[in-house]
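So you know, we letter chains A, B, ... as the sequences are listed, proteins then strands, and number each from 1.
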Amino acid sequence: MRWSESYIPTLKESPADAEVISHKLLVRAGMVRKLTSGIYVYLPLGLRALEKVSRIVREEMNAAGFQELLMPMVQPADLWKETGRWEFYGKELLRFRDRNEREYCLGPTHEEVITDLVRGEVKSYRQLPVRLYQIQTKFRDEIRPRFGLMRGREFVMKDAYSFDVDDAGADKSYQRMFEAYQRIFSRMGLRFRAVEADSGSIGGNFSHEFMVLADTGEDTVAACSACAYAANTERAEAVWKGTANTVSCASYVLMPTPGAHTVEEVATLLQVPATSVVKTMLYDVDGEAVAVLVRGDRAVNEIKLKNLMNATEVTLATPAQVEEWTEAPLGFAGPVGLNKVKRIYADLELQAGTDYVTGANAGDAHFIHVDLNRDAQISAYADMRLVMEGDVCPRCGAPLILPRGIEVGHVFKLGCKYSAAMKAHYVDEAGAEHPMVMGCYGIGVSRVVAAAIEQNNDANGALFPPAIAPFEAVVLVLDPKNADVMTKATAIYNMLSGMGVDVLLDDRDERPGVKFKDADLIGSPFQLVLGAKGLEKGIVECKDRRTGAKGTLPLEAFEEHLVQWMQQVREGWHI
RNA sequence: CGGGAUGUAGCGCAGCUUGGGAGCGCACUUGAAUGGGGUUCAAGGGGUCGAAGGUUCAAAUCCUUUCAUCCCGACCA
């Protein structure tokens, strides 16, 4: 492709509405343009990156025994009513009516459609497993679209579904997919981690998220510094390392703490460490008042509370609820004498402690010397907190690290949730009917492109891994009006094309500086620079975009040197 | 949905407090010089000042309404 004939509108300045680096660079590099909130046009360069990602996904899906199909974006309401999701999915589901007042939605996901499809065709265990996928545009009317392609409303997703006769079969499908995902993100040249994720009501270890590691990621990963353990922080087990606070006192004592609402204020005022303060958080769990106690320097993990109580809805109590349940102003809740709250859960870490500071359920007052076992009605001690820096791995005890990540993939064992609701049944060898056991597996294709930039960029632009760069190589022709230079550049361009390398020939009548800047911006990993000066010396300059390392390749035995250099650059990407 | 902010040329912005000429930089067009890290000079083109209504002799500027976009909190690939 010649740059002079391409539609690559690069920008010197970032658009005012772009906040994160991937969004800024995608726009500046002429890869995307916003049409409206959360909805983007993929320009030729952006589409190329999308297709590179899609191609790798396709190859690995096919290799894993999944077959591609394409389902409609518009889906009838009836199917969603069958699974109950027409009511439960919420406002993210964009609903509308046709001219006959029939109800439809734009597909945010395709469990209903695929289950409907499969139940119509598959009747026997002999036909299972069925493993299908598609790469398609999804629409989710996100509460708050933001960060460009990272959280759009319309986005490209690969979604795959498996149908098996039993759990063992479903596990096999899951395992295949898990391995395929590992290969996919490795091939893309991204640094990532597969993390255990909360699987909600389904249970078991059958949910993993694939996180591209980047400091700007929205999610936090708890990863072991030594072994393979990694989990979403929502799920990560907090290990109880023992309790320091074990000095015993005869009874608790009321202390005035005027104006001290936060743990920090209380700790400072009473001159005790935050670890000796008990934080009492009140929650509305399916309409019931529940208190959760954690050490003052910890945070409650609401997911753990939700799972512990097998609840559907957990929300932090409103100030009004807190005041009603504690009969005190906000900021002074404590477990002692908290009679209106029937369930009080305490984190494991607090179970052996005997000398705590807690709220007194009265304005401007706290208790000191509280022994929870003696003074409060604790329903149960359980792992209730979020892991933090300094925690250790629940598997091997080595320190945990908490890198940030961007969720680009999710593998999930669905069980019979949809097959049972939609009667996707098969008949086994004995003639008995069973619901199929399902799995679903997503990759945010457009998000991968953003995540790749989020992970790999510098002050001058994107640094695309070779496997997903819109163009792997750019040949910069500094003197396009010089026939000799142009001839040589074209020959090199043809050589690269012949080697199967996606190459862009910058033959524009622009100043060299413009070409250097643009080449850096679009992030092609290989840059070759041809000018009259170099040709006189019999050399072509080369630059590794990732490291910035510049070198020269002699025109003599050029191809050999080129291949060697490109190999070096590629190896740099497989860290 | 709650809290905050912004809408002025394709992009980035000033002007608004204190009403009166629509401006600046980049981009674009033409000419000249220049030609290895976003080149310089000169001359141009391009705007219903988000929209509607109001106040006023006069509104980008003040008032009301409305729409859109972005940021911070509850979702998920």
Side-chain angles (χ1 to χ4, degrees), chain A residues 9-20 23-24 27-28 30 33-39 53 57 88-93 108-110 135-160 181 185 197-198 200 207-212 218-219 232 234 302 313-316 318 405-412 440-451 459-461 476-482 485 508-521 527 529-535 537 541 543 548 550:
Chain A
T10 58
L11 261 32
K12 277 189 186 178
E13 288 175 287
S14 296
D17 58 10
E19 192 68 15
V20 298
H23 188 192
K24 289 178 183 173
V27 174
R28 285 191 56 205
R33 286 291 181 267
K34 184 174 72 183
L35 181 63
T36 182
S37 180
I39 299 180
V53 171
V57 169
F88 289 110
Y89 207 92
K91 289 187 178 173
E92 243 178 85
L93 187 65
T109 178
H110 282 68
I135 294 176
Q136 192 234 24
T137 299
K138 295 281 183 283
F139 193 92
R140 294 183 188 174
D141 200 357
E142 290 281 348
I143 268 159
R144 185 147 90 83
R146 57 182 150 175
F147 304 152
L149 294 193
M150 296 269 277
R151 183 178 301 279
R153 291 196 291 171
E154 188 177 299
F155 59 98
V156 179
M157 180 171 162
K158 185 282 302 182
D159 48 324
Y181 275 36
F185 297 114
D198 183 63
S207 178
H208 285 86
E209 289 170 350
F210 284 76
M211 300 283 203
V212 166
E218 282 191 273
D219 299 305
N232 189 314
E234 288 178 344
E302 293 181 17
E313 181 106 32
V314 171
T315 51
L316 193 60
T318 61
I406 300 163
E407 186 186 348
V408 290
H410 198 168
V411 290
F412 203 96
C440 71
Y441 319 90
I443 289 180
V445 173
S446 44
R447 185 183 277 182
V448 166
V449 175
N460 295 320
L476 289 76
V477 190
L478 299 190
D479 306 290
K481 288 177 180 164
N482 178 320
V485 175
R508 294 175 298 171
D509 181 20
E510 288 285 355
R511 299 182 64 89
V514 173
K515 298 186 182 187
F516 289 130
K517 288 287 183 190
D518 274 346
D520 283 355
L521 191 56
Q527 288 182 15
V529 182
L530 270 90
K533 290 181 188 173
L535 285 198
K537 286 188 262 177
E541 283 159 65
K543 176 172 142 184
K550 292 176 190 169

Expressed in whole Å, how much space separates the [atom1] atoms belonging to [N] and [M]?
N	M	atom1	value
B/C76	B/U69	C1'	23 Å
B/A68	B/A60	P	24 Å
B/A27	B/G44	C1'	14 Å
B/C71	B/G15	P	24 Å
B/C67	B/A52	C1'	10 Å
B/A58	B/G19	P	15 Å
B/A51	B/A9	P	11 Å
B/C11	B/C28	C1'	12 Å

If pairing requires Watson-Crick or G-U wobble contacts with both distances under 3.5 Å, which nucleotide is the partner of [N]?
N	result
B/U69	B/A5
B/G47	none
B/G53	B/C63
B/C24	B/G12
B/U39	B/A33

Hey, does [Y] have a side-chain heavy atom less than 4.5 Å from the side chain of [X]?
X	Y	value
A/Val212	A/Val448	no
A/Ile443	A/Met157	no
A/Glu218	A/Phe147	yes
A/Gln527	A/Asp520	yes
A/Lys550	A/Glu541	no
A/Asn232	A/Asp219	no
A/Val529	A/Lys543	no

Practice task
Please tell me which of A/Lys91 and A/Lys533 maps to the more 5' nucleotide of RNA chain B, matching each residue to the nucleotide holding its nearest heavy atom.
Solution key: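 Closer to the 5' end of RNA chain B: A/Lys91.
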Practice task
May I ask you to verify if any side-chain N or O of A/Lys517 is less than 4.0 angstrom from the OP1 or OP2 atom of B/G37?
Solution key: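 Negative; the distance criterion is not met.
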Handout entry: Side-chain N,O (A/Lys12) to OP1/OP2 (B/A27) below 4.0 Å
Key =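 Answer yes for this pair, as a side-chain N or O of A/Lys12 is under 4.0 Å from OP1 or OP2.
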How many Å lie between [atom1] on [X] and [atom2] on [N], as a whole number?
X	N	atom1	atom2	value
A/Leu11	B/C13	CG	P	12 Å
A/Asp479	B/U34	CG	P	15 Å
A/Lys24	B/C11	NZ	C1'	15 Å
A/Asp518	B/U39	CG	C1'	15 Å
A/Arg511	B/G36	CZ	P	7 Å
A/Arg508	B/G35	CZ	C1'	15 Å
A/Glu510	B/G36	CD	C1'	14 Å

Base, sugar-phosphate or nothing for [X]? Non-hydrogen atoms, less than 4.0 Å.
X	answer
A/Asp159	nothing
A/Asp509	base
A/Arg28	base

Handout entry: Quiz item: A/Glu13 side-chain donor-acceptor pair to B/G25 base, under 3.5 Å
Key =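 Donor-acceptor pair under 3.5 Å: yes.
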Handout entry: With A/Glu142, the side-chain contact (heavy atoms from CB on, under 4.5 Å) member among A/Glu154, A/Lys91, A/Arg151
Key =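 Among A/Glu154, A/Lys91, A/Arg151, the one that satisfies the side-chain contact (heavy atoms from CB on, under 4.5 Å) with A/Glu142 is A/Arg151.
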Problem - Check ion pair A/Asp509-A/Lys481 (N to O, under 4.0 angstrom) - result: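 A/Lys481 and A/Asp509: salt-bridged.
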Fill in the blank from the handout: In B/S/- notation (B base, S sugar-phosphate only, - none; protein heavy atoms under 4.0 Å), nucleotides 70-77 of chain B written 5' to 3' is SBBBBBBB
